[in-house]
Amino acid sequence: MAQTPFTLLPSPKDITPVPFSIVRYALMGVGILVIYGFIGSLLIMKLDPVNALYFTIITIATVGYGDISPINPAQKLFAMTLVMGGVGLVAYAFTLTVTVVSMAVEEITTGAKQRHRISDTKDHFIICGYGRVGSAVHRELLRRKQRTIIIEKDKAVVEKELWEEPDVLAIPGDATDEDIIKDAGIERARGVIITTGDDVDNLFITLTAREIRSDIWIVTRASKKVNIKRLYRAGADKVISPETSGAEDIFFAAIQPTIMKITLMHGVDGIRKEAEIILKHNCTLENIEYHLPEFKEPLARKIEVSGLDEIDRFLKSLEKEPSRKKSLERIYESVSGIHSHWISGPNKEALNAVTDELKKEGILLGVNLTEDEIKEVARKYGRLVEVVIKPEIKITENHSLPDIREESEIILENRGTLEDIEYYLPGFNEPLHRKIELSEPEKMESFLNHLEEDKQRMESLERLYNLSGGGIHSHRISSPDTDSLAKIEKKLKEKGILLGVNLSHAEIEQKIKEYGRVSEMILKHKPGQIDDKKVVISNHGRILDSKHYLPGVRQVVTRRLYLKDEEDLKNCEEEYKKPEAQRSLRALSAISRNVHSHIISAGDIETVKKIEKELDRLGILIGVNLPEKEIWTLVESEEPVKFCIE
């Protein structure tokens, strides 16, 4: 074996702890000597403080200018002790300081500190050669939180580049030397990755590693294809040629003993739980494979996730982009939730722990299954269907009933399909959803004609529009291509009815608050009074309904009104004059303590605000758009009204 031109790292037994405590004690001794001299100069030499300190320092330092001299025997004896103590103690302290500093510098330059850490490292990879390929492989390993020790010939690279990084362990030396590769802890290592650019060196390193440890996993680089067979014969488990492969291929070859393919079955809502199980054992999700019937090979996507925060960011992005989430859900639905992952781990024990937990969770179908086996599993547990994914967006708009025709023309003329419609009704957490699946202009024209002929149906739809924020609703629109969707979006913006695209439910609620033309106003007045209704109708608003709140049982009685003009108001007045209506209304008002609410719509938000101000001026408005809990608090805080029902 060739001997390394560099000094080997010292073994742990040769490393002596730096004796900083000895230096501290020596410096303390010098300090005590100075104090002794200062006090003696004051008491024995009869000097003032400044001259006492001056005499002490020059005597300890053996300078002795002769300007202050001892005269009597006591002074001479004191000066002798000070000189003798100064010469010995100062020289000793100085020598110790120089020694300790030299040892510290030597420790840094020889890598003794690294040796401490290297001796404690186990289950790691040894990278031989830190060139272009070696550094790339090192990055791949670090991304997946794998422990590594680098052996590099170039001492300058190790000392000036690698040792500058606190988390990098490196040894300067020749990896063909048996002592060097032992220093790197080959007995405790997971594998050896040989990435030097010299095939002869790679051959010798392979032989050396295999000789030291027969069961170690060895992956080596072959600069020339002709040497691939020779390296296999020398004992390499995998030989990678950078001519046809990259650093990532070397990494995957290196971790082959601790990588496996798992096949699972769950929906999009199970993504986080699956990732949580895998990542808590320090494993990495390398990719995901969907086994679609249209393709001979699975549809694979590289993900390389090794932290739960990455999964959380991905899931949050899905919530922000409903169309993207919907597309993912469709893919999962098309394969019945059956998919596969390649996962890498620190050791076989970690992989086994992952499979055990996934089995307990009931989502693991198999490990390292072939494509045929996965298809068999799919037939047993799910169903493979043809997946058809069309581009689609969710548009949220604000317009009145007469604008339906123009809205549909824009969508259908640009090859769009109206898949559904969602209305947002006050008091409901989820939108009211209805499928439409309309793509033909003729069918839309037929619907609008029937609507115009059926006044009752028209009125019901208009009421629904008014309740839904005064015309705020959403459509899911699909199209053969994204260009068509872009044109639809642009034209709806130009029309001035588009509020947003792919908005979340929270964002739509915010839009309703900003642009909605519907408001629930809580009022208090005596039964039979119609001042509130006159204010609304005079401002061209509409009253959609009336709600009375019955305390005790906490029931809400809703009456449909839909007053839209003076004629409706006049009919309402006539109805209130009937004795039976008066009795019912008085009883209902008394039970609800004269508190009730109206859902009011108007042509614009400014009109709604104007109605609020006028009702407040009349002293009958006690709240606007209050949560039901607050309304009950208002009702139950009012004094009960005495009444009698004949």
Side-chain angles (χ1 to χ4, degrees), residues 398-403 423-428 455-456 458-473 512-549 556-578 581-582 584-586 588-589 592-628 630-631 634-635 638:
N398 186 10
H399 64 76
S400 58
L401 205 58
D403 295 318
Y423 302 102
Y424 305 96
L425 307 185
F428 291 84
K455 297 300 180 183
Q456 190 174 356
M458 170 78 86
E459 190 176 295
S460 296
L461 187 58
E462 187 177 12
R463 175 181 166 79
L464 190 57
Y465 262 67
N466 287 327
L467 281 170
S468 184
I472 295 177
H473 60 281
I512 291 172
K513 287 179 182 177
E514 291 176 21
Y515 301 100
R517 298 168 292 179
V518 172
S519 181
E520 183 177 22
M521 301 187 189
I522 296 87
L523 308 156
K524 183 184 178 184
H525 60 72
K526 292 179 180 179
Q529 287 185 354
I530 58 170
D531 292 344
D532 54 338
K533 298 173 182 61
K534 287 180 179 178
V535 168
V536 175
I537 298 301
S538 65
N539 284 285
H540 307 291
R542 300 184 182 193
I543 301 175
L544 305 182
D545 62 19
S546 179
K547 292 179 182 176
H548 291 267
Y549 301 86
V556 180
V557 177
T558 303
R559 292 187 300 125
R560 178 178 176 275
L561 293 178
Y562 201 63
L563 307 180
K564 59 183 183 298
D565 51 33
E566 292 291 342
E567 186 179 349
D568 289 338
L569 182 60
K570 187 178 179 182
N571 292 336
C572 181
E573 282 187 90
E574 293 298 324
E575 187 71 28
Y576 281 176
K577 289 177 182 178
K578 294 178 181 178
Q582 287 180 2
S584 298
L585 188 59
R586 280 201 302 270
L588 194 58
S589 296
S592 62
R593 301 174 187 181
N594 292 331
V595 176
H596 62 284
S597 68
H598 290 307
I599 299 290
I600 294 168
S601 71
D604 51 63
I605 193 70
E606 288 77 16
T607 303
V608 174
K609 296 294 182 187
K610 185 180 177 183
I611 291 170
E612 286 178 19
K613 285 182 180 178
E614 290 194 26
L615 292 173
D616 188 43
R617 185 172 53 81
L618 291 173
I620 58 177
L621 182 69
I622 58 174
V624 177
N625 294 326
L626 298 179
E628 191 171 302
E630 289 186 30
I631 296 175
L634 278 174
V635 173
E638 294 290 332

Are any side-chain N or O atoms of Asp568 and backbone N or O atoms of Lys564, one a donor and one an acceptor, separated by less than 3.5 Å?
yes
For Tyr424, enumerate each residue passing the side chain to side chain donor-acceptor pair (under 3.5 Å) test, keeping only those at least two apart in sequence or located in another chain.
Glu422, Ser474
Can you sort out the partners of Ser592 under side chain to side chain donor-acceptor pair (under 3.5 Å), two or more places apart, ordered by chain and number?
His548
Would you call Lys570 and Glu567 a salt bridge, taking side-chain N to carboxylate O under 4.0 Å as the test?
no
Using modelled atom types and a 3.5 Å cut-off, is there a donor and acceptor pairing between side-chain atoms of Ser584 and backbone atoms of Ala581?
no
Specify whether His473 and His399 have parallel, tilted or perpendicular ring planes, treating 30° as the upper limit for parallel and 60° as the lower limit for perpendicular.
perpendicular
Do Val608 and Met521 come within less than 4.5 Å of each other through their side chains, counting heavy atoms only?
yes
Between the side chain of Gln582 and the main-chain N/O of Lys577, is any donor-acceptor distance below 3.5 Å?
yes
I'd like to check Leu563 versus Arg542 (side-chain heavy atoms, cut-off strictly below 4.5 Å). Are they in contact?
no
Could you pull out every donor-acceptor pair under 3.5 Å between side chains of residues 522-533 and any protein atom, sequence neighbours left out?
residue	atom	partner	partner atom	Å
Lys524	NZ	Glu638	OE1	2.3
His525	NE2	Asp532	OD2	3.3
His525	NE2	His596	NE2	3.2
Asp532	OD2	His598	NE2	3.1

Ignoring hydrogens and geometry beyond distance, is a side-chain donor-acceptor pair present between Tyr465 and Ser601 at under 3.5 Å?
no
Determine whether a donor-acceptor pair (N or O, by modelled atom type, separation under 3.5 Å) exists between the side chain of Ser468 and the backbone of Leu464.
no
Exactly one candidate in Asn539, Asp616, Leu621 meets side chain to side chain contact (heavy atoms under 4.5 Å, CB included) with Ile611; the answer is Asn539
Are any of the side-chain heavy atoms of Leu569 and Asp565 separated by less than 4.5 Å?
no
